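Naming: A, B, ... by sequence-line order, numbering from 1 per chain. Predicted model only: the values in this text are computed from it and were never measured. Side-chain atoms are counted along with the backbone in the values below, which use heavy atoms only and exclude waters and symmetry mates.
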There are 2 protein chains.
Amino acid sequence: MSDAAPWLDDEEMATWLAFVSLVSRLPNALDGQVRTDAGLSYFEYTVLVVLEHAEDRTMRMSDLAYLANGSLSRLSHVARRLEKEGFIRRFACPTDGRSTLAALTEDGLQKLAEAAPGHVKLVRALVFDELTRDEMRQLGELSKRMLDRINP
Amino acid sequence: MSDAAPWLDDEEMATWLAFVSLVSRLPNALDGQVRTDAGLSYFEYTVLVVLEHAEDRTMRMSDLAYLANGSLSRLSHVARRLEKEGFIRRFACPTDGRSTLAALTEDGLQKLAEAAPGHVKLVRALVFDELTRDEMRQLGELSKRMLDRINP
DNA sequence: TCCAAGTCGTTGAATCTTCAATAAATACTA
DNA sequence: TAGTATTTATTGAAGATTCAACGACTTGGA
């Protein structure tokens, strides 16, 4: 902590204000759509989407939490709710007694179908319709680099 | 809602996965630093920063909520905590009886000083150190455009 | 002026998330 | 192999956020 970082200059500050505002507001926008269309939070929706693309639509809780961008504890609480509603089921992992596997049910798959079209439409409207192909690639590139900094 | 949006192609999907992951994780990273350095949530910190830059370090609750990227209700709850701790004070607006003004106190200013250096350092480490000048400008540009889509 | 409609902020209840503690199983090491 | 350290997941309590309802005030039009 000994070395002080220089403060942001005007251009950096303008960039930061816009970017941090985007980062704060985009999740709310996504959440609102999914909640309206399917009665799920965006995190719950993400959990179901990740499971949908997993092999056998099944995944370890730890891995699911990581891919859904949430903590294991958060997932555990949410999984209880999702299981209670019948969208997923949980069972012990046969090869590692510590692990729990979560699987998407048919009801969960159907729930996804309710939210997905509206979600794609919103993502297009808010993000992709605004970008050229090159800008889109660049956004992905920059995002990956920043992510690498965030993750250990 | 009649027209269906085409699903994302591979490049779009890869971009979206990275971007949405970033958007989900960056707030947590920022929150952790501010919480460690000053015992504030990132939203609380943002509220103080916005006030710091306001005229007379004073601002209407509504405007403050907007600029801090939160709902008015959220701000109202947080303002109670911040006021209790002595970092801000609230008083009736003299020109509009409906409004409340919030002002940063000396203690609040000092609290900011505890968190700011670490915050700049982290923002640099996670975002700006990773980008060239042109990429930085581009990120700001794209962020602004997406924000315009989100806001009404 | 008076009333209806709109704006501004707060509040309490319900919901969600985090944090720390715990339990159970596996991996490592001497 | 015994003992310790790690990994995995869940839980309950504390804290934070959202939502809907409310009260107080202002604005605009009849």
Given D:dT11, D:dT26, D:dA20, which nucleotide is nearest the side-chain atoms of B:Ser73? D:dA20
NA contact type, A:Ser71, heavy-atom cut-off 4.0 Å: base, sugar-phosphate, or nothing? sugar-phosphate
By the 4.0 Å heavy-atom rule, please label B:Ser76 as base, sugar-phosphate, or nothing. base
Any B:Arg90 side-chain N or O less than 4.0 Å from OP1/OP2 of C:dT10: yes
Between B:His119 and B:Tyr42, is the ring centroid distance below 6.0 Å? yes
Return the 5'-most residue of the pair A:Asp31, A:Asp63 with respect to DNA chain D, ranking by each residue's nearest nucleotide. A:Asp63
Tell me whether A:Asp10 at atom CG has more than 12 heavy atoms from other residues, nucleotides or ligands lying less than 6.0 Å away. no
CD/B:Gln110: more than 12 non-hydrogen atoms of other groups inside 6.0 Å: no
Answer yes if A:Leu101 and A:Val49 sit in the same cluster of Ile, Leu, Val, Met, Phe, Trp and Tyr residues linked by side chain heavy atoms under 4.5 Å apart, and no otherwise. no
Taking the side chain of B:Val78 as heavy atoms from C-beta outward, which of D:dT26, D:dT17, D:dT18 is closest to it? D:dT17
Please compare B:Arg35 and B:Ser99 by the position of their nearest nucleotide in DNA chain C and report the one closer to 5'. B:Ser99
Taking for each residue the nucleotide of DNA chain D with the nearest heavy atom, is it B:Arg98 or A:Arg60 whose nucleotide lies nearer the 5' end? A:Arg60
Would you kindly check whether a donor in the side chain of A:His77 faces an acceptor in the base of D:dG12, or vice versa, at under 3.5 angstrom? yes
